[in-house]
*Asks:* 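Here it is, the structure in full.
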Amino acid sequence: FILSFDIKAIFTTTVNKIYIPLTSLSFALEHYFFKADPFIYHLDNLLLHVAVTVMVFLFCRRGGLSVSAAAVATLIFGLHPAHVESVAWITERKDVLYAFFYMLAILCYLDHLRALKESPAYRAGWTFWFTLIFGFLSILAKPSALSLPWILFFLDWFSRSKLTIRSCVEKIYCGLAVFPVAWITYVLQMRAQIIQFPDSLLIWIWCFVFYLKKMLYQDYFVLIYHLPAPVALTNPAYAFSVFLFVILLASLWYWRKNRLFVFASLFYVLSIFFLLRVDHSADINVVGDRFMYIPMLGWCMLLGDSGVKLWARYRNAAIARATLLFVGITVLSFLFFQTARQCRVWYNGASLWEHQLRYQGQAATALIYNKLAQAYMQEPGFENNSGKIQIAEDYLHKAIAIKPDYAQAYFHLGQLAERREDVALARIYFNRTIELDGGHFDAYFQLGLLHDREGEYSQATKAFNEAITISPDHEGMYLQILDFYNKAIAAGPRAYQQERDALTKKCFDRFGKYP
């Protein structure tokens, strides 16, 4: 019954206003069988990435690349440091999970197209229906699968299939499978975009070129990128982006007969266009490494095929072959080195946010300083390291200086004061947290514990009752509050006997067992 209830909740709720029930279900299953063992979560992300990488090789082969070219393209895709965020960050399970079903969908569709060519009598069989099924599973993992119908149209062109009424109807079926699910997320995040010419156009071009630069030149990767300011053509960042954008358009015209180059360019556009921003008013991040996961597939194919063709062209020239071999090994080694380096960045919260400040200090926000302080506070032995305690406190004060009404930063300052046994200061910080965020469960709960330590049972009871109202399904909280009641009753007056019994009954009614 409990498992069924959880599944129902998973498919009827969102996460940060994003409808990703399949991703949430994968986490629920892992927690059901393995609890909070991080190894399993990381292992599953890695296995999904390996599976996607294998399917990239199969896609390259079915797209006409030789075994060597497909292998090089797959190595670039699998080793690229831009993918570390999607694999190492457990929360980004949605990237590798949606990509897994997305690749299955397009592989099945290529089989469908091949069957149509080989047998005129062929009718839509299991390959096409599996395309729809995998496409539907992909959109349940992440809304980015919204691009699938357009990619299927594009695969018709790439495989030289004729545009027929039947092929159009197939894309309509695919659209019906993915659009309604994506619409849930769109409605929840829908907002009025601030479009100002030429600023919006410059931001869009900068975002478009950003991913191409990160794919070709892997200098560093961070979680939050700073949008260059001011937004103007006189800013070198935007001038250079416009220059590269014009070069790409000219290249498309010049090599318009090169199907693989056109495929790489348009596959990138069709799979990322809805992620390109025209303003920066919604949140602090306008671009993200994780958005590159599938869109860079076409470019990997182009690089792999071009490299192998250059090798074949100069196979009789010893110096040229040695140069190409040296360049190839250097590039792949650099990718491997950068990926290993980026994995160390994602070792823990402290290393991640310190790296963020080192390379993108301009993007420092109250959120980043708070996250960094929180990461230090979660490290083993933090309580005994006065240096780190001071660093964490400094970061929290920086967060408050940027955002004076940042409730979470005040809460963490309260935790630090509590660890120093400064009860009065901790109480001030927790009360300030509640003033700024009346629904802050942890602040009420910690305040209740402080009152409990001071023997202020009536105030503790008030704080605990507020915590229960905010989060009535927190089972561990019931146990701690009942322990408080038992101590209060044992201390003398039995005024809390009735409240303890009422809470015990509430715990049984909600969780089906007595504490």
Side-chain angles (χ1 to χ4, degrees), residues 19-23 25-26 47-65 70 73-74 77 83 86 93-117 122-159 161 163 166-185 263-264 266-275 290-298 300-301:
Y19 188 62
I20 49 172
L22 193 61
T23 301
L25 179 61
S26 71
L47 292 176
L48 284 167
H49 176 62
V50 170
V52 171
T53 304
V54 171
M55 285 188 282
V56 166
F57 177 81
L58 297 176
F59 180 79
C60 292
R61 291 290 293 137
R62 295 180 190 184
L65 270 65
T74 303
F77 182 91
H83 292 163
S86 298
R93 165 72 54 78
K94 54 184 177 290
D95 276 342
V96 287
L97 189 60
Y98 112 85
F100 175 78
F101 291 111
Y102 195 98
M103 291 302 300
L104 283 174
I106 61 178
L107 286 175
C108 286
Y109 187 71
L110 288 178
D111 285 342
H112 170 65
L113 293 179
R114 183 175 59 184
L116 284 173
K117 288 182 179 180
Y122 170 80
R123 293 291 180 267
W126 64 270
T127 50
F128 175 70
W129 294 111
F130 269 115
T131 298
L132 297 184
I133 293 171
F134 290 136
F136 182 68
L137 292 174
S138 183
I139 198 73
L140 290 179
K142 189 179 181 181
S144 294
L146 175 67
S147 64
L148 184 60
W150 317 116
I151 293 298
L152 296 187
F153 261 124
F154 191 47
L155 290 177
D156 288 344
W157 169 84
F158 187 59
S159 61
S161 299
L163 182 63
R166 172 180 177 167
S167 65
C168 292
V169 171
E170 290 173 349
K171 309 312 179 295
I172 292 174
Y173 285 150
C174 185
L176 291 174
V178 301
F179 289 159
V181 178
W183 181 256
I184 298 174
T185 298
F263 173 79
L266 295 187
F267 186 93
Y268 169 72
V269 172
L270 292 173
S271 56
I272 207 172
F273 74 92
F274 50 88
L275 295 171
R290 56 192 177 276
F291 299 150
M292 299 170 62
Y293 196 77
I294 284 294
M296 67 183 294
L297 171 59
C300 292
M301 293 175 65

*Asks:* Do Pro21 and Leu25 have side chains that get closer than 4.5 Å, going by heavy atoms?
*Replies:*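 A side-chain contact under 4.5 Å is absent here.
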*Asks:* Could you walk me through whether Tyr268 and Met296 satisfy the side chain to side chain contact (heavy atoms under 4.5 Å, CB included) test, starting with their C-alpha distance in whole Å, then the side-chain angles of each, then the deciding distance to 0.1 Å, before giving a yes or no?
*Replies:* CA-CA 6 Å; Tyr268 169 72; Met296 67 183 294; over 6 Å; no
*Asks:* Please report the interatomic distance CG(Leu152) to NE2(His112), rounded to the nearest 0.5 Å.
*Replies:*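 Reported to 0.5 Å precision, the distance equals 9.5 Å.
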*Asks:* Which residues pass the ring-ring contact (aromatic ring centres under 6.0 Å, His included) test with Phe154, sequence neighbours left out?
*Replies:*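 Phe154 satisfies ring-ring contact (aromatic ring centres under 6.0 Å, His included) with Trp157, Phe263 once adjacent residues are dropped.
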*Asks:* Within this structure, what is the CD1-CG distance for the pair Ile106 and Leu113, rounded to the nearest 0.5 Å?
*Replies:*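 Spacing of CD1 (Ile106) from CG (Leu113) equals 11.5 Å.
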*Asks:* Mind jotting down which residue pairs meet the salt bridge (charged side-chain N to carboxylate O under 4.0 Å, His left out) criterion with at least one end in residues 55-65? Sequence neighbours excluded, please.
*Replies:*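 Applying salt bridge (charged side-chain N to carboxylate O under 4.0 Å, His left out) to every pair that reaches into residues 55-65, excluding sequence neighbours, yields Arg62-Asp111.
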*Asks:* Minimum heavy-atom separation for Pro149 and Cys174, please, with both atom names.
*Replies:*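 Residues Pro149 and Cys174, closest heavy atoms: CG-SG, 3.9 Å.
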*Asks:* Taking side chain to side chain contact (heavy atoms under 4.5 Å, CB included) as the definition, give me every residue that meets it alongside Ile133, ordered by chain and number, with sequence neighbours left out.
*Replies:*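 Per chain and number, Ile133 pairs via side chain to side chain contact (heavy atoms under 4.5 Å, CB included) with Phe130, Leu137.
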*Asks:* For residues 171-180, which residue pairs qualify under side-chain hydrogen bond (donor to acceptor under 3.5 Å, both in side chains), counting only residues two or more places apart or in two chains?
*Replies:*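 Qualifying pairs, neighbours excluded: Tyr109-Lys171, Asp156-Lys171.
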*Asks:* So, for Leu270 and Trp150, which heavy atoms are closest and what is the spacing to 0.1 Å?
*Replies:*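 For Leu270 and Trp150, the tightest heavy-atom pair comes out as CD1-O, 4.0 Å.
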*Asks:* Please report the interatomic distance SG(Cys300) to CZ(Phe57), rounded to the nearest 0.5 Å.
*Replies:*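 Reported to 0.5 Å precision, the distance equals 14.5 Å.
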*Asks:* Phe134 and Cys108: which non-hydrogen atoms are nearest, and at how many Å?
*Replies:*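 Closest approach of Phe134 to Cys108, heavy atoms only: CE1-SG, 3.7 Å.
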*Asks:* Mind checking what makes side chain to side chain contact (heavy atoms under 4.5 Å, CB included) contact with Ile172, not counting sequence neighbours?
*Replies:*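 Residues passing side chain to side chain contact (heavy atoms under 4.5 Å, CB included) with Ile172: Leu176.
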*Asks:* As an exercise, state the distance from CG of Leu155 to CZ of Phe267, rounded to the nearest 0.5 Å.
*Replies:*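 Separation between the atoms: 7.0 Å.
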*Asks:* Would you call the rings of His49 and Phe77 parallel, tilted or perpendicular, taking 30° and 60° as the class edges?
*Replies:*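 The arrangement is parallel - the two ring planes meet at less than 30°.
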*Asks:* Any chance you could measure Glu170, atom CD, to Phe128, atom CZ, to the nearest 0.5 Å?
*Replies:*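 It is 4.5 Å, given to the nearest 0.5 Å.
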*Asks:* Show the atom names and distances, to 0.1 Å, of all donor-acceptor pairs under 3.5 Å that link a side chain in residues 140-148 to residues at least two apart or in another chain.
*Replies:*
residue	atom	partner	partner atom	Å
Lys142	NZ	Asp95	OD1	2.2
Ser147	OG	Tyr102	OH	2.8
Ser147	OG	Ser144	O	3.4

*Asks:* Considering all heavy atoms of both residues, which atom of Ala264 and which atom of Gly298 are nearest to each other, and what is their separation?
*Replies:*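 That would be CB-O, 3.3 Å.
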*Asks:* With rounding to the nearest 0.5 Å, note down the distance linking CZ in Phe101 to CG in Leu22.
*Replies:*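 Between atom CZ of Phe101 and atom CG of Leu22 there are 5.5 Å.
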*Asks:* Does Thr185 reach the main-chain N or O of Val181 with its side chain, forming a donor-acceptor pair under 3.5 Å?
*Replies:*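 The answer is no, because no donor-acceptor pair under 3.5 Å joins these two groups.
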